[in-house]
Amino acid sequence: MQYYSTNQQAPMATLEKAVVKGLAEDRGLYMPERIKALPQSFFDNIHQLTFREIACEVADAFFGEDVPREDLHKIVCDTLSFDVPAVRVTDRIYSLELFHGPTLAFKDVGARFMARLLGYFNAKGQQAGDAKGRVNVLVATSGDTGSAVANGFLGVPGIHVYVLYPKGKVSPIQECQFTTLGQNITALEVDGVFDDCQALVKSAFMDAELNAHMKLTSANSINVARFLPQSFYYFYAYAQMKKLGLADELVVCVPSGNFGNICSALFGVKMGLPIKRFIAANNANDIFYNYLQTGRYEPKASVQTIANAMDVGDPSNFARIYELYHKDHAAICRDISGATYSDEQIAQTMRECLEQTGYQLDPHGACGYRALQEGLREQETGIFLETAHPAKFKGVVDSICGGDVAIPEKLAAFMKGQKQSVEIGKDFEGFKKFLMNE
Ligand SMILES: *Cc1c(COP(=O)(O)O)cnc(C)c1O
């Protein structure tokens, strides 16, 4: 399968190139040239299949031409080492809990898959005599991406990860998830802000001497290997709801920031997944919501909210959605409606849901739950994505709900680990010198 750029100004790429490069030469996003429909028999029997069986079938459609079946299925099964259960919150609203992975957030799925696929390509390259050896992943983080990527790549042979994060500016819970790992993960504590970290990574990719010295790649969320595997759990969500007899008019609500998550679901629909419609739930960053209302896409500076993983003012995957629907605003509006909530509304929803149902939402999932409560029509059943465990935002959640959210064992284990990090300045020369000596 070949991949083309949404900007149409770059040559087609193989899967391997698209995964290693991340972004096309024209700064566009890679799209698969074809999206294969899955047979009706698959959907007829889907409720009898396991998550891994479903995911292997979907992965075959995306990657089966480029990765041998046995290798691909191993990558899928290793990725999905945890369940994604659909949990009842009310009679008509279910929560798809995506937080049972190693870092308790949905980004675990994409990060784990990408790490294993990159590991596969790297091993293949070495067999073919590629002397440059190990692949070095550079990732700048303001908190959550670093932990999902570091844990996704932990222990994957042939790959080393450098996580750059702003000193003193990520929460202790977030910091321990990428500074205590050791092995093939190095945490670099940058004396600066997130933008400095990102600038260092960008400079590294552009530095000819450094690139001649070592193989560098990014694990950005726009990478096809991080984004496409997210479609797996929409198929599984449908299967679970079908088993309950609740899938005939299924509405899926996705708390959205960069729109990668919802976009992977739309790929699923193109493959035949019978979801009736979608709701994209935003926090106060309402760029997509406004696009649906007006037909105009007008990026803005992001505003800070309590659902901070959705604080995005120029969602990068909008380009993919636009491409998928041939730039047809009316067609996009037929499949997706929007919602946008202030911090006060998010907090109120978290309190009310806990009181009325006993279910503890995190601030991101709260946007999804509320949009279903307000937007479900007669006969429809809704499922929203609970994108992170509430304990990841313990400070905010406890102060809103007045409780004491229990910290899951997995998270507590990170907090017991020994912090290991290397302090660096925000000047590129110092960072480069460090990498040249690695
Ligand atoms: C990344 C993230 C989101 C937003 O997902 P997109 O794919 O960027 O739309 C929502 N919730 C949480 C907890 C996240 O980490």
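Values reported hereafter were calculated over all heavy atoms of this structure, with side chains retained and with hydrogens, waters and symmetry mates removed. Just so you know, ligand 1 is whichever comes first in the structure, and atom 1 is the first atom listed for that ligand.
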So if I count the atoms of ligand 1 from 1 in the order they appear, which ones are less than 4.0 Å from some heavy atom of G260? 6 (P), 7 (O), 9 (O)

Side chains of Q177 and N151: donor-acceptor distance under 3.5 Å anywhere? no

4.0 Å heavy-atom contact, F106 with ligand 1: yes

More than 12 non-hydrogen atoms from neighbouring residues, nucleotides or ligands closer than 6.0 Å to NZ on K202, yes or no? no

Within-cut-off N or O pair, F259 and ligand 1, under 3.5 Å: yes

Please report which non-hydrogen protein atom sits nearest to atom 8 (O) of ligand 1, along with the residue it belongs to and the distance in Å to one decimal place. N258 N, 2.7 Å

Report, in ascending order of atom number, the atoms of ligand 1 lying under 4.0 Å from any heavy atom of A388. 13 (C)

Pair F51 and Y236, ring centroids less than 6.0 Å apart: yes

Nearest neighbour in protein (non-hydrogen) for atom 7 (O) of ligand 1: N261 N, 2.9 Å

Just do the side-chain hydrogen bond (donor to acceptor under 3.5 Å, both in side chains) check on E175 and Y165 with the steps written out, would you? CA-CA 9 Å; E175 188 178 18; Y165 73 102; 2.7 Å; yes

Side chain to side chain, D311 and V303, heavy atoms closer than 4.5 Å: no

Out of E386, R226, M310, indicate the one that has the non-hydrogen atom closest to atom 10 (C) of ligand 1. M310

Which residue holds the protein heavy atom closest to atom 2 (C) of ligand 1, what is that atom called, and what is the gap in Å? K107 NZ, 2.5 Å

Please write down residue, atom name and distance for the protein heavy atom closest to atom 11 (N) of ligand 1. T387 OG1, 2.8 Å

Among all protein heavy atoms in this structure, tell me which lies nearest to atom 4 (C) of ligand 1, with the distance rounded to 0.1 Å. G257 N, 3.6 Å

Do R370 and F384 meet the cation-pi criteria used here (NZ or CZ under 6.0 Å from the six-membered ring centre, within 45° of the axis)? no

Could you check whether Y291 and F318 have their ring centres less than 6.0 Å apart? yes

